[in-house]
**Student:** 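Here's a structure for you.
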Amino acid sequence: METVGIFYGSTSGSTKSAAEKIKKAFGKGADLHDIKEATPEMIAKYTNLVFGTSAWGIGDMQDDWEDFIDSLSEVDFTEKKVALFGLGDQAEYPESFVDGLGTMYCRLPDKSVVTGFWPTKGYKYYFSLAERDDKFVGLAIDDHQQPELTDERVKTWVEQIKKEFI
Ligand SMILES: Cc1cc2nc3c(=O)[nH]c(=O)nc-3n(C[C@H](O)[C@H](O)[C@H](O)COP(=O)(O)O)c2cc1C
C-alpha cells in the first residue's frame, strides 16, 4: 500500500488525538498533517488520503477545514482513495451529530473516490448530515460520550480501509 496522508482539523485537540491513533494503526506508512498548514500540492502527493474534522455550529466543519475545503478543487482525485472521519458529541448535539463529517463529504469535489463508510449502529442520536443509507460516510468518533470505544473503532476502521486503499 502506498503511503497514507492524514489531514486533520482540530480546535481543542480531540480530532488531532484521533488522527494520531489512526496514524499509529496504519503503522509506518502514514504521514500526519494539520490542515491549517497544508496546501493542495501536499494533498496531491498522496494516492491514499484520510481527512478528519470535528463538528461545530450548524453543519460546520472545524474552522481550518472550512477555510481550506474549496482548495480541494485544485487536486485531481482520479486515481486516489479518500476515507473520512468525524468527531462529535451525540448527547449534546443529537440533532446534528458529526455534521462536520457530512458537510465534508458533500463538499468533496469527487465523491466516487470515498471509501470507509461506517455503521450507525452503536450510536444514539436523532439526525446526522453524515448518514447515508444507515451508514456514516466515514468513521464517527465521540470522545465525549464513548471514549472507551474509540481505540477499537479506529483499529477496525483502519483494517477496513487498508483493504480498500491502493
Ligand atoms: C459550540 C460547539 C458546537 C458544537 N457542535 C456540534 C455539532 O453540531 N455536532 C456534534 O456532533 N458535535 C458538536 N460539537 C462537539 C465537538 O465537535 C466535539 O467537542 C469535538 O470533539 C471537538 O473536536 P476538536 O477539538 O478536535 O475540534 C460542538 C462543540 C461546541 C463547543
Side-chain angles (χ1 to χ4, degrees), residues 4-27 30-40 42-43 46 48-72 75 82-108 111 114-161:
V4 179
I6 304 167
F7 293 81
Y8 67 87
S10 188
T11 300
S12 48
S14 313
T15 313
K16 182 180 182 193
S17 153
E20 283 164 351
K21 287 177 180 176
I22 290 167
K23 175 179 158 62
K24 204 167 158 209
F26 271 111
D31 301 333
L32 197 59
H33 301 282
D34 190 331
I35 198 65
K36 196 163 53 183
E37 283 138 26
T39 61
M42 283 165 73
I43 289 179
Y46 295 96
N48 297 315
L49 288 153
V50 175
F51 295 158
T53 180
S54 44
W56 296 86
I58 302 165
D60 288 344
M61 289 174 287
Q62 193 271 341
D63 278 353
D64 302 310
W65 263 113
E66 287 287 348
D67 292 344
F68 186 86
I69 196 131
D70 288 338
S71 316
L72 289 181
V75 179
V82 179
L84 310 177
F85 70 98
L87 277 280
D89 182 334
Q90 61 202 292
E92 288 294 324
Y93 304 93
E95 284 138 5
S96 56
F97 179 49
V98 290
D99 271 10
L101 171 62
T103 299
M104 177 177 263
Y105 178 78
C106 282
R107 290 180 63 182
L108 288 180
K111 292 170 193 53
V114 178
T115 188
F117 281 31
W118 183 253
T120 52
K121 199 165 171 261
Y123 303 83
K124 203 170 166 209
Y125 62 94
Y126 298 118
F127 181 81
S128 174
L129 280 179
E131 192 185 317
R132 296 273 182 297
D133 303 326
D134 291 332
K135 291 209 163 170
F136 290 119
V137 293
L139 176 65
I141 294 176
D142 185 343
D143 270 343
H144 295 275
Q145 310 303 328
Q146 298 177 323
E148 73 286 359
L149 299 181
T150 299
D151 287 3
E152 194 55 36
R153 281 175 172 161
V154 164
K155 216 172 118 207
T156 308
W157 184 68
V158 167
E159 285 311 309
Q160 179 188 322
I161 58 177

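Every number for a ligand or one of its atoms is a count from 1 in the order of the listing.
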**Student:** Check each atom of ligand 1 against the heavy atoms of Gly88 and keep those under 4.0 Å away; list them by number with element.
**Tutor:** 10 (C), 11 (O), 12 (N), 17 (O)
**Student:** Report yes or no: is the cationic atom of Arg153 (NZ for Lys, CZ for Arg) under 6.0 Å from the centre of the six-membered ring of Tyr123, at an angle within 45° of the ring normal?
**Tutor:** yes
**Student:** Does an N or O from Gly13, backbone or side chain, lie closer than 3.5 Å to an N or O of ligand 1?
**Tutor:** yes
**Student:** Distance check, rounded to the nearest 0.5 Å: Tyr46 atom OH versus Asp31 atom CG?
**Tutor:** 3.5 Å
**Student:** For Asp134 and Thr120, which heavy atoms make the closest approach, and how far apart are they?
**Tutor:**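 Scanning both residues, the minimum pair turns out to be O-OG1, 3.2 Å.
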**Student:** Please tell me whether Gln62 and Ser54 have a donor and an acceptor in their side chains that are separated by less than 3.5 angstrom.
**Tutor:** no
**Student:** Can you sort out which atoms of ligand 1 are near Ser12, meaning under 4.0 Å from one of its heavy atoms?
**Tutor:** 24 (P), 25 (O), 27 (O)
**Student:** For Gly59, does its backbone N or O pair with a side-chain atom of Thr103 as donor and acceptor, under 3.5 Å?
**Tutor:**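 Checked: pair present.
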**Student:** Just which atoms of ligand 1 are under 4.0 Å from any heavy atom in Thr11?
**Tutor:** 24 (P), 25 (O), 26 (O), 27 (O)
**Student:** Might you point out which heavy atoms bring Phe7 and Gly5 nearest each other, and give the distance in Å?
**Tutor:** CD1-O, 3.7 Å
**Student:** Heavy atoms only: give me the nearest Arg132-Cys106 pair and the separation to one decimal.
**Tutor:**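 Reported closest heavy-atom pair: NH2-SG, 3.7 Å.
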**Student:** Using the test side-chain hydrogen bond (donor to acceptor under 3.5 Å, both in side chains), find all partners of Thr39 that sit at least two apart in sequence or belong to another chain.
**Tutor:** Glu41
**Student:** Please state which option from Ser14, Ala55, Ser54, Ala18 has its nearest heavy atom closest to atom 16 (C) of ligand 1.
**Tutor:**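 When every heavy atom of Ser14, Ala55, Ser54, Ala18 is considered, Ala55 comes closest to atom 16 (C) of ligand 1.
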**Student:** Would you kindly specify which portion of Gln90 sits under 4.0 Å from ligand 1, judged on non-hydrogen atoms: side chain, backbone, both or neither?
**Tutor:** neither
**Student:** Just jot down the ligand 1 atoms closer than 4.0 angstrom to any heavy atom of Phe97, in number order.
**Tutor:** 11 (O)
**Student:** Any atoms of ligand 1 less than 4.0 Å from a non-hydrogen atom of Ser96? List them with their elements.
**Tutor:**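 Listed by number with element: 7 (C), 8 (O), 9 (N), 10 (C), 11 (O).
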**Student:** Indicate, as side chain, backbone, both or neither, the part of Val98 found under 4.0 angstrom from ligand 1 when only non-hydrogen atoms are considered.
**Tutor:**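 It is the backbone that gets close, since no side chain atom is under 4.0 Å.
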**Student:** Could you check atom 3 (C) of ligand 1 against the protein and tell me its nearest heavy-atom contact, residue, atom and distance included?
**Tutor:**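 Nearest neighbour among protein heavy atoms for atom 3 (C) of ligand 1, to 0.1 Å: Tyr93 OH, 3.4 Å.
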**Student:** Could you tell me the residue and atom name of the protein heavy atom closest to atom 31 (C) of ligand 1, and the distance to it rounded to 0.1 Å?
**Tutor:** Trp56 CZ3, 3.3 Å
**Student:** With respect to atom 12 (N) of ligand 1, which of Asp60, Asp142, Asp89, Ile141 exhibits the smallest heavy-atom separation?
**Tutor:** Asp89
**Student:** Can you check whether His144 has an N/O within less than 3.5 Å of an N/O in ligand 1?
**Tutor:**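 It does: an N or O of His144 is found under 3.5 Å from an N or O of ligand 1.
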**Student:** Please report the interatomic distance CZ(Phe85) to CZ(Phe136), rounded to the nearest 0.5 Å.
**Tutor:**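 Reported value, rounded in 0.5 Å steps: 15.0 Å.
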**Student:** Within a distance under 4.0 Å of any heavy atom of Ser10, pick out the atoms of ligand 1 and give their elements.
**Tutor:** 24 (P), 25 (O), 26 (O), 27 (O)
